[in-house]
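Worth knowing before you read on, the calculation uses all heavy atoms, side chains too, and leaves out hydrogens, waters and symmetry mates. One-based numbering, in listed order, for ligands and for the atoms of each.
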Amino acid sequence: MNVALLGIPMDLGAGRRGVDMGPSALRNAHLAGALRALGHTVTDLGDVGVALPESVDKLIEGGLVFLTPIQEACAAAAERVAALGPDVFPLTIGGDHSVSMGTVTGNALRLAPGGGRLGLIWVDAHTDYNTPDSSPSGNIHGMPVAHLTGLGDTRLTGLGGGWHMRPEDIVMIGIRSVDPHERELLREAGIKAYTMKDVDQLGITRIHEETLERLSGVQGLHVSFDADALDPAVCPGVGTPVPGGLTYREGHLLMELLSESGRVTSMDIVEVNPILDAHNQTAEVMVGMAASLLGQRIL
Ligand SMILES: NC(=[NH2+])NCCC[C@H](N)C(=O)O
Ligand SMILES: [Mn+2]
Ligand SMILES: [Mn+2]
């Protein structure tokens, strides 16, 4: 496979500083080398330009923290990804989870002019379905999925030039933190979310089967993997840790099964925060997750 690595070193969407160093941490953890060892051709496209918070003068617009520079970085990421050919596997590395408004949009535009039918597997402790009105924090990394489905501020919902995700093409896995109003919005949209209770009860194998069945009609499949989906004992370097997460093996098993399906066409790794990490452990774990999704096997 031709893998294109693209960094989006942005922490503007998160409440804590440091995820802007995520792309560096992942590269230092030998992301490209691990994928080359699996036989892939890896091209590192470098990073998308992101404004420094220190040089941005307008902090909050319409209840959204750093709206303008986030919109700009997401638009740039979408454009870079959309320009990649259909035979390329874009591996986009954040950055806080607001980068996915750009990467998911770019991947939809990559499938077809105007945006194709992309399935989205959102692996996360959080549903990230807040709108500016429902958000308790104003932090945009808690809002990307809502904006991808067309809910929220028009500057962010407009990133795809009219393209939006269909809520029925989204499946979330690992969920254990949802804000009160966010829960109502999710229900109204009808988005399928497997909580940690579901993971405990059904297991990853069944969840994987149901997910692929549900997403059988899509043209491409994007995995957006937030490091905080994994338990904080496995991934301590995240800004919004929530106890009771996916185990190391549950994460790998999900990636191994998705890899075997042969249907995944792109991936994000987001929310790796080296400032909060222990000896780059979180980046190393996430490199392993990417390797499993791209074909690494125990035997
Ligand atoms: N991508 C993330 N880590 N999101 C955390 C979101 C936390 C909280 N729900 C908020 O809206 O602020
Ligand atoms: Mn997230
Ligand atoms: Mn999260």
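Salt-bridge check for R249 with E256: passed, with a basic side-chain N closer than 4.0 Å to an acidic carboxylate O. Residues D47 and R27 are paired through a salt bridge, judged by an N-O separation under 4.0 Å between the basic side chain and the carboxylate. Ion pairing between a basic and an acidic side chain is recognised when a charged N comes within 4.0 Å of a carboxylate O; E210 and R214 show no such pairing. Classification of R17 and E54 as a salt-bridged pair holds, one side-chain N sitting under 4.0 Å from a carboxylate O.
Among protein heavy atoms, atom 7 (C) of ligand 1 sits closest to H126 CD2, 4.0 Å. Annotation: atom 10 (C) of ligand 1 to nearest protein heavy atom, S137 OG, 3.5 Å. With hydrogens left out, the protein atom closest to atom 4 (N) of ligand 1 is D128 OD1, 2.9 Å, a heavy atom. Atom 11 (O) of ligand 1 has as its closest protein heavy atom N130 ND2, 2.9 Å. At the top of the distance list for atom 8 (C) of ligand 1, counting protein heavy atoms only, stands D179 OD2, 3.5 Å. Protein heavy atom closest to atom 3 (N) of ligand 1, with residue, atom name and distance, is T240 OG1, 2.9 Å.
There is a side-chain donor-acceptor pair under 3.5 Å between Y129 and T149.
Around the Mn ion (ligand 3), protein N, O or S atoms at less than 2.8 Å number 5.
Side-chain atoms of R176 never come within 3.5 Å of backbone atoms of M196 as a donor-acceptor pair (strictly under, hydrogens ignored). Side-chain N or O atoms of R36 include none that pairs as donor or acceptor with a backbone N or O of T41 at under 3.5 Å. Side chain of D96 to main chain of G13: a donor-acceptor pair is present (N/O by atom type, distance under 3.5 Å, no hydrogens or angles).
Shown here is R187, whose CZ atom has no more than 12 heavy atoms of other residues, nucleotides or ligands within 6.0 Å.
Of all the heavy atoms of E271, the ones lying under 4.0 Å from any atom of ligand 1 belong exclusively to the side chain. Residue V270 does not touch ligand 1, judged by heavy-atom distances below 4.0 Å. When non-hydrogen atoms are compared, ligand 1 lies under 4.0 Å from neither the backbone nor the side chain of D96. When heavy-atom distances to ligand 1 are checked against a 4.0 Å cut-off, D228 comes that close only through its side chain, counted from C-beta outward. Both the backbone and the side chain of H141 come within contact range of ligand 1, each with a heavy atom under 4.0 Å.
Judged as a ring-ring contact (aromatic ring centres under 6.0 Å, His included), not a single pair has a partner in residues 202-233 (not counting sequence neighbours).
At least one N/O-N/O distance between D226 and ligand 1 falls below 3.5 Å.
Inter-residue side-chain proximity for M101 and I140 is flagged as met; some heavy-atom pair is nearer than 4.5 Å.
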Intermediate values then yes/no, side-chain contact (heavy atoms from CB on, under 4.5 Å), T240 and H141: CA-CA 10 Å; T240 48; H141 76 156; 4.1 Å; yes

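Interface of G142 with ligand 1, defined as ligand atoms under 4.0 Å from a residue heavy atom, comprises 6 (C), 11 (O).
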